[in-house]
Amino acid sequence: MPPTPTDVLGNKPLDGGWGWMVVFGAHISIGFAYSTPKALSIFFKEIQEDLKASYSEIAWLSSIMLAVMYAGGPVSSVLVHRFGSRPVVMMGGLMCGVSMVTASFGSSIVYLYICTGIIGGWGLCFNLNASLTIISKYFLAKRPLANGLAMAGSPVFLCFLAPLNQFLLGQFGWRGSFLILGGMMLNCCVAGALMRPVTPSQKPPSGPQANGIQPNVGNTKKNGKCMRRTKQFVDLSFLKDRGFVIYLVGNVLYIFGAYSPIVFLSAYAVSQGVDEYSAAYLLSIMGFVDMFVRPGTGLLANSKWIRPRIQYLFSFAMVFNGTCHLLCPLMKSYPLLVAYSVFFGFSFGMVFALIFECLMDLMGNQHFPSAVGLVTIIECFPMLLGPPTAGLLVDVFHHYKYLFYMCGGVIIAGGVFLFVLNVYNYHMLEKENLEKTTEPNQNTLENQEQAETELTEPVAEEMINTAKHNPELRSSEETN
Amino acid sequence: MTASWKQILLILASCRHISTKTASPTPTPLVPEASLPAKKFELKDAIEPETIELHHHVNVTLECTWTGNQNKLPNLPGYWRKDGQERPDSHVTVELKNDQYNIKVVLIINSEESLGNYSCVFGDETEMTFVLTVPQIGEKRDKPIVSYLRDFVVMTCKMDNKHPEPSTWTWFKDNGTEKEQITVDVTPGHYEIINEKDEKTFKTKLKMRDLSDADSGVYYCGAVYPIGISMSRMELKVISFMEPVKPFLYILVEVVVLVAAVLFYERSQSKKSNTEENGSTADQRDTEPQGDAKEAEESNSVRQRKA
């Protein structure tokens with residue numbers, strides 16, 4: 001059994017130290033990214049009256065923001081790849097701030113679509129993508145925990161923004177609130193400032209040239225290669241990767257059913273006889289549970305038993321989420337609905353803590369930035385189609401239970417698909433490993449052993465990728 | 001001033017509906033008028049008050065039934081209360097019939113004063129309440145409407161079509177002592193009242209242009225019915241656009257300070273590590289082995305990758 005590379009993995013990647021400040025920055029950045037489109041809904045009624053828009057026109061604002069946030073993924077990936085995370089997040093923060101400030105002067109709904117929806121959405125997109133990327137650069141052994149902590153930003157900020165928005169609305173009206181929110185979103189620039197690029201002194205001067213690129217080294221010799229690789233990153237070559245396709249299909253199914261129950265939960269509760277305030281409280285309960293479950297799941301996923309089989313935890317979380325939704329129509333009284341919200345929050349938090357960690361696990365550090373761009377742009381479609389389809393079900397059948405059945409069913413299908421296909425994938429990976437190690441190429445083995453004794457970050461990445469193919473190595477690495 | 005306006009409006013409104021009505025409203029007489037339509041409302045063993053919305057003049061019969069408690073006395077004193085006050089001449093002796101106590105009263109509802117809380121009282125213990133009121137305007141605004149100086153604002157009141165259509169709508173501004181009605185031709189262009197109806201609601205909108213500080217305050221929209229006016233309260237706050245700008249500037253300063261602090265800290269950290277490195281290269285004895293070790297590491301890794 002090869003010696004454990006504890007002492008050498010050490011600080012590269014950091015897995016601590018300044019890395020936790022980076023996690024804090026990512027927490028803020030991701031928090032704004034996911035919670036702003038939802039928190040804006042508090043202003044809808046006022047804006048509707050002021051700009052004389054219909055309810056569906058106003059609702060499009062959130063949808064456009066979310067859609068642009070996800071659709072801009074590939075562009076964001078390219079920019080992060082070229083310039084590193086810090087400038088991109090600071091740029092994103094600036095764009096968000098400017099978008100909200102200009103939106104506060106708006107006099108038509110189309111103006112708001114452009115300012116808040118498109119420009120704001122782009123800013124959030126930069127924030128999201130770059131934050132995820134930098135986590136993958138700073139963490140490896142503790143990456144699930146870091147991801148869980150960073151993704152927890154979403155429920156934390158939502159809990160914080162929702163009452164704040166109410167207060168601002170009452171004090172300053174919607175225009176003043178947008179102005180102040182714009183200022184608050186400039187704090188993403190602070191988050192960006194925290195995202196110190198992984199400095200060259202922590203990396204060996206000559207990085208691996210095989211298939212990786214050092215995004216932070218602006219070496220002129222590499223500019224030509226950069227351009228070629230940029231094109232390579234935007235293309236769809238990932239679709240040839242088995243693990244990636246499995247992940248993608250499972251995720252598309254999940255996203256299709258994930259958001260509709262949130263959108264319709266209050267309305268469903270009201271239809272079951274709950275008063276409006278208590279119905280709104282259900283969502284707060286869900287958010288509150290979510291807040292603690294995300295880091296908790298990160299911690300769990302970090303443990304040595306789970307980490308090698310993190311894809312199974314992910315599929316379990318999805319199936320759990322789907323089951324909650326299937327059982328929801330049985331919850332007809334308020335205490336049962338509260339219980340549903342708690343379990344919903346729990347499973348939702350589990351899935352979202354792992355959603356990007358699993359992609360990092362599959363793709364590795366180098367391919368992750370562009371993989372995440374591709375994933376988000378494809379996920380744009382189920383995200384936009386999900387709630388209207390659910391709404392259509394409610395309109396056709398005049399009952400919310402079919403919505404929950406549909407969402408639960410689709411999510412469970414995604415989870416089961418992921419589980420079954422990951423069993424197959426792990427099996428195939430083991431087979432491929434065996435084929436590799438039984439080759440008469442002894443050098444490969446020696447190199448692997450030598451590589452373990454003196455590892456540096458990019459090589460550690462290759463290690464993790466090869467660890468996928470060698471369960472022995474993986475379990476030894478995880479005992480650190 | 002306002003009372004007379006109200007009375008004129010009511011009379012105008014009621015004239016459209018009932019032609020046999022007498023010219024001016026009178027306090028509720030005890031003898032019912034035969035020409036008014038009649039309605040009957042009953043409560044049996046009710047604990048919660050029952051709200052009844054009336055919009056035009058009616059003869060209302062209120063009836064209370066109580067099944068009594070363990071001590072079923074053959075006779076009980078019963079009477080009616082209006083708004084907490086005993087109604088004189090309403091005391092009767094209630095007999096136990098079919099194991100129940102029953103009391104009723106007939107009221108003429110022909111003015112806003114005749115609406116209110118009517119309670120039947122059995123003995124000393126049991127009380128059931130009918131709340132007679134004008135149709136209530138839904139969608140109460142608890143929070144103030146905020147608008148800006150020299151901007152315009154539109155305040156809306158809606159009555160959904162489960163309720164009857166108001167004869168007309170009016171708006172009032174609270175000037176501290178009383179509600180003053182808003183008339184459109186004062187300060188032309190400043191106020192505009194638009195009444196609309198669509199398939200689901202009856203709406204009224206008060207549009208105010210070129211707002212000033214004096215426009216801040218409490219406003220009431222009134223749905224005028226023959227029986228009375230149904231009011232909904234809302235508050236308007238007019239602020240200058242500078243008000244939200246102040247917190248925005250504070251936040252902007254905070255962001256700039258924090259970004260500068262973080263970058264400055266980073267620079268000082270890297271300077272420190274640079275001076276340490278410089279110090280270490282200068283001092284060869286102590287650092288040579290380490291430096292060699294580092295170089296050895298790096299060259300080993302390079303070797304491995306190439307291999």
Side-chain angles (χ1 to χ4, degrees), chain A residues 8 18 21 25 46 49-50 52 86 90 93 97 101 104-105 166 168-196 199 201 203-210 443-444 446-451 453-456 458-459 462, chain B residues 139 141-148 151-156 205 235-267 269-270 273-274 276-277 293-307:
Chain A
V8 190
W18 188 256
M21 293 304 284
E46 285 269 329
E49 286 174 4
D50 218 8
K52 298 198 188 36
R86 173 186 267 171
M90 292 183 81
V101 168
S104 69
F105 297 104
Q166 295 271 15
L168 288 176
L169 185 60
Q171 288 286 104
F172 301 111
W174 76 267
R175 291 179 196 273
S177 305
F178 267 45
L179 190 68
I180 294 175
L181 277 177
M184 290 182 68
M185 292 182 94
L186 286 175
N187 279 303
C188 289
C189 294
V190 179
L194 287 171
M195 294 180 187
R196 215 183 269 181
T199 53
S201 63
K203 284 167 155 279
S206 47
Q209 298 305 312
N443 283 339
T444 328
E446 279 176 20
N447 276 345
Q448 280 183 357
E449 287 180 352
Q450 282 180 0
T453 53
E454 274 141 6
L455 278 174
T456 53
V459 184
E462 288 181 35
Chain B
E139 278 189 47
R141 290 203 76 126
D142 315 320
K143 287 199 212 80
I145 301 171
V146 180
S147 194
Y148 307 95
D151 196 4
F152 71 92
V153 74
V154 175
M155 297 201 284
T156 315
K205 293 184 187 170
E235 193 184 333
L236 177 70
K237 216 166 106 170
V238 180
I239 59 174
S240 107
F241 205 73
M242 276 300 122
E243 265 189 55
V245 170
K246 268 185 268 165
F248 172 73
L249 289 175
Y250 290 148
I251 298 175
L252 195 63
V253 165
E254 168 248 321
V255 166
V256 169
V257 164
L258 283 178
V259 171
V262 169
L263 294 175
F264 186 72
Y265 175 71
E266 187 178 320
R267 189 178 277 190
Q269 282 261 306
S270 70
S273 57
N274 273 344
E276 279 174 9
E277 279 177 26
K294 267 192 197 162
E295 285 173 22
E297 265 180 15
E298 290 163 3
S299 56
N300 273 346
S301 53
V302 171
R303 251 190 287 130
Q304 281 145 42
R305 272 176 247 109
K306 282 186 183 164

(request) Indicate yes or no for a side-chain donor-acceptor contact from B/Tyr265 to the backbone of B/Ala260 under 3.5 Å, with no hydrogens or angles considered. (result) no
(request) Examine distances only and state if a side-chain atom of B/Tyr148 and a backbone atom of A/Phe172 form a donor-acceptor pair shorter than 3.5 Å. (result) yes
(message) Between A/Phe178 and chain B, with a heavy-atom cut-off of 4.5 Å, which part of the residue counts as in contact: side chain, backbone, both or neither?
(response) neither
(request) Output the option from A/Glu49, A/Arg86, A/Met21 having the highest count of non-hydrogen pairs under 4.5 Å with chain B. (result) A/Arg86
(request) Please look at B/Val262 and chain A and tell me whether the side chain, the backbone, both or neither of the residue comes under 4.5 angstrom of a heavy atom of that chain. (result) side chain
(request) Please look at B/Val153 and chain A and tell me whether the side chain, the backbone, both or neither of the residue comes under 4.5 angstrom of a heavy atom of that chain. (result) neither
(message) Would the distance check show the side chain of A/Trp18 and the main-chain N or O of A/Met195 forming a donor-acceptor pair, the cut-off being under 3.5 Å?
(response) no
(message) If you define the side chain from C-beta out and look only at heavy atoms, does anything of B/Thr156 sit under 4.5 Å from B/Val154?
(response) yes
(message) What part of A/Gln171 gets within 4.5 angstrom of chain B, counting heavy atoms only: side chain, backbone, both, or neither?
(response) both
(request) Just give me the residue among A/Val101, A/Asp50, A/Leu186, A/Asn187 that pairs up with chain B most often, heavy atom to heavy atom, under 4.5 Å. (result) A/Asn187
(request) Could you tell me how the ring of A/Phe105 sits relative to the ring of B/Phe241: parallel (under 30°), tilted (30 to 60°) or perpendicular (over 60°)? (result) tilted
(request) Could you look at A/Leu181 and say if it's the side chain, the backbone, both or neither that has a heavy atom under 4.5 Å from chain B? (result) neither
(request) Would you check if the side chain of A/Ser177 reaches a backbone N or O of A/Leu168 as a donor-acceptor pair within less than 3.5 Å? (result) yes
